[in-house]
Amino acid sequence: MSHYAVPGVAIAVVRAGRVEALQGFGTRISGMNAEIDADTLFSVGSVSKLTSAALCLRLAASGILDLDGDVNGYLKRWRVPAGSRGDDRAVTLRMLLSHTGGFNVHGFADYAPGVPLPTLVQTLKGEPPAMNKALARIDPAGSRSRYSGGGYMVIQAVIEDATGERFDAVAKRLLFGPLGMQRSRFEAAPVQDIGNIAHAHNRDGEPAALPRGWQSFPELAASGLWTTAGDLARMIVALGASYRGRGRFIPQELAVDMMTAVTPGFNGLGPRLAGEGMARIFHHAGANDSYKAYVEGNLASGDGLVVLTNGERGDVLGDEIRNAVSDAYHWPGDWSVALPAVTPVASLLDSYVGTYHRRPDQDPLITGFLDTGFSADTIEIVSANDGLSIKSKGRDRKLVPIDSSDFVMPDGYIPAATLMFRFARAADQKVSHLRAIAGADVLVFDKA
């Protein structure tokens, strides 16, 4: 925590479908004696999407929503616009939940205390005071995996228009109440005197979003959940139990549907999915400016983890915590790579140096998450002091060898996977291309 300048952390560990450990560390406010505990409230960023998805599936289970119907059939205040060239094919909740609806607007900026906040319709239309672009279709519905927080705002509009209630009220009635998530709420910003709330901090661990101490997140379904480690652990337990047929929160058939990846991509109906067999997990991370969060649940064993932080570099700290918990409990499978003591000879490294262009017209079924998650059209491999680095979009990142042709990017974020680059050298010793690899997803770049 000191190394990453993160003042406060709350952790819940789930074992075999029950919460085994729940503890807070550090302080809610840097420099003050304000202990983090099991009930400390955090902003959790895009972990909100997993919670919104669970709410959506509860409504589907009761027959209020149809996951495969055209969402325009529910919408009253805003309509899904036609795509390029008049594309008006139906967009469904299944597409929106799995980020295959074809929408733009990856995420949303934080709002400082005291500034005007947009309504839901202003967010969808991209009108002031909203700080995002108008929601638009940029891919044919169902054709590509493109992460879209904007798509989750359409889900919020569907839920409100179909039920005639505010999003937060529906969540309290169908989600927070039944699961005993007593401190959880979908809210742009809790009131000043809320009590036991983790304040925001920058990358140096200094208080941010002053004078109140936390930002506002008006995009509720996408990033507006405030919750605790204990509350989120209850949801992880409930979702896993429903999947294994041991719980009644969601019917098992629908829970299995939720935990099945929607092609192309690794997203189910809300969660991201990773691992194989006994290592199969559902998971999601959240990242607002000053709060980072992570949750996961093992579908077979019922084990799981919640990590909530109130510092800008809490995501990196969260990775450290996840690795430690995984090692301590001997969880099967991992996405880390043990680095051998190998340094390819200089002549081999020199052959890899050069400019590489993304091969056109690659199948999204093969590229998967990398299709839009690693979206560079051109990358440059350059010699570094002790090996190679990769330059892309103005950033220079080190590549670490794991053998003579495969390199990993330690600081390249790929959800529950390691980003690897594999150089292809033919019998004439010339390098023709490289492959970016993350799990089962592959993206090819040809050497200029």
Side-chain angles (χ1 to χ4, degrees), residues 8-25 36-42 44-55 57-58 175-176 178-184 225-250 252 255-256 258-259 268-286 292-309 314-315 317-336 415-416:
V9 179
I11 301 172
V13 177
V14 177
R15 292 278 285 170
R18 67 178 183 86
V19 180
E20 180 175 274
L22 181 59
Q23 190 171 349
F25 302 85
I36 300 283
D37 62 28
D39 293 321
T40 300
L41 204 61
F42 287 80
V44 296
S46 288
V47 173
S48 307
K49 296 180 176 68
L50 178 61
T51 311
S52 299
L55 176 59
L57 292 178
R58 288 274 286 176
L175 186 67
F176 302 146
L179 293 182
M181 298 172 67
Q182 295 182 358
R183 294 215 71 204
S184 298
L225 176 64
W226 294 82
T227 187
T228 71
D231 279 4
L232 279 179
R234 292 181 184 93
M235 186 180 72
I236 295 300
V237 168
L239 292 177
S242 295
Y243 175 87
R244 293 184 294 277
R246 300 171 187 170
R248 299 180 179 179
F249 179 61
I250 295 174
Q252 184 180 25
V256 171
M258 182 185 196
M259 303 300 177
L269 305 185
R272 293 164 167 171
L273 299 156
E276 291 81 35
M278 292 299 293
R280 189 68 165 170
I281 64 169
F282 66 97
H283 66 103
H284 214 294
K292 312 297 180 184
Y294 176 76
V295 299
E296 78 168 66
N298 184 290
L299 290 171
S301 69
D303 294 351
L305 177 67
V306 177
V307 180
L308 309 182
T309 72
D315 51 346
L317 174 63
D319 287 344
E320 300 268 14
I321 293 169
R322 197 273 173 189
N323 287 341
V325 173
S326 176
D327 290 347
Y329 286 99
H330 306 290
W331 284 352
D334 210 339
W335 53 81
S336 58

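- Scanning all heavy atoms of the two residues, the minimum distance from Ala300 to Met278 falls at CB-SD, 3.8 Å.
- Taken from CG in Leu317 to OG1 in Thr309, the straight-line distance is 6.5 Å, to the nearest 0.5 Å.
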List the steps and the verdict of side chain to side chain contact (heavy atoms under 4.5 Å, CB included) for Val13 and Tyr329.
CA-CA 10 Å; Val13 177; Tyr329 286 99; 3.8 Å; yes
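- Heavy-atom neighbours of Arg246 CZ from other residues, nucleotides or ligands within 6.0 Å: at or below the threshold of 12.
- Checked by atom type and distance alone, the side chain of Glu20 never pairs as donor or acceptor with a backbone atom of Val14 at under 3.5 Å.
- We find the CZ-CG distance between Arg183 and Asp39 to be 6.5 Å, quoted to the nearest 0.5 Å.
- For the pair Arg58 (side chain) and Ala54 (backbone), a donor-acceptor distance under 3.5 Å is absent.
- Under a 3.5 Å cut-off, the side chain of Thr228 and the backbone N or O of Asp231 do form a donor-acceptor pair.
- Shown here for Ala279 and Pro332, the closest heavy-atom pair between the two residues is CB-O, 3.3 Å.
- By the 4.5 Å heavy-atom criterion applied to side chains, Leu50 and Ile236 are counted as neighbours.
- The backbone N or O of Leu273 lies less than 3.5 Å from no partner atom in the side chain of Arg280, so there is not a single donor-acceptor pair.
- In this structure, the side chains of Val256 and Tyr243 come closer than 4.5 Å at one or more pairs of heavy atoms.
- With a 6.0 Å radius and a threshold of 12 heavy atoms from other residues, nucleotides or ligands, Gln182 has its CD atom at or below the threshold.
- In terms of heavy atoms, Gly230 sits closest to Leu22 at N-CD1, 3.6 Å.
- Smallest separation of non-hydrogen atoms from Val19 and Ala233: CG2-CB, 3.7 Å.
- Once rounded to the nearest 0.5 Å, the distance linking CD1 of Ile281 with CD of Glu276 reads 10.5 Å.
- A pairwise comparison of heavy atoms in Ala229 and Ala10 identifies CB-CB, 3.9 Å as the closest pair.
- For the residue pair Met259 and Leu239, the shortest heavy atom distance occurs at CE-CB, 4.1 Å.
- Contact check on Asp319 versus Arg322 returns no salt bridge, with no Lys/Arg side-chain nitrogen under 4.0 Å from an Asp/Glu carboxylate oxygen.
- Within the model, atoms CD1 of Ile36 and CG of Leu308 stand 9.0 Å from one another, a figure rounded to the nearest 0.5 Å.
- For the atom pair CG of Leu55 and OG of Ser48, the computed distance is 12.0 Å after rounding to the nearest 0.5 Å.
- We find the CZ-NZ distance between Phe42 and Lys292 to be 14.0 Å, quoted to the nearest 0.5 Å.
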Carefully, step by step, assess Trp331 and Asp303 under the rule side-chain hydrogen bond (donor to acceptor under 3.5 Å, both in side chains).
CA-CA 9 Å; Trp331 284 352; Asp303 294 351; 3.1 Å; yes
Determine, step by step, whether Asp37 and Thr40 satisfy the side-chain hydrogen bond (donor to acceptor under 3.5 Å, both in side chains) criterion, reporting the C-alpha distance in whole Å, the side-chain angles of both residues, the deciding distance to 0.1 Å, and the verdict.
CA-CA 5 Å; Asp37 62 28; Thr40 300; 3.2 Å; yes
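- Between Val307 and Val325, every side-chain heavy-atom pair lies at or beyond the 4.5 Å cut-off.
- For the pair Thr227 (side chain) and Ser184 (backbone), a donor-acceptor distance under 3.5 Å is absent.
- Between Leu57 and Phe249, every side-chain heavy-atom pair lies at or beyond the 4.5 Å cut-off.
- Side chain of Arg244 to backbone of Leu299: a donor-acceptor contact under 3.5 angstrom is found.
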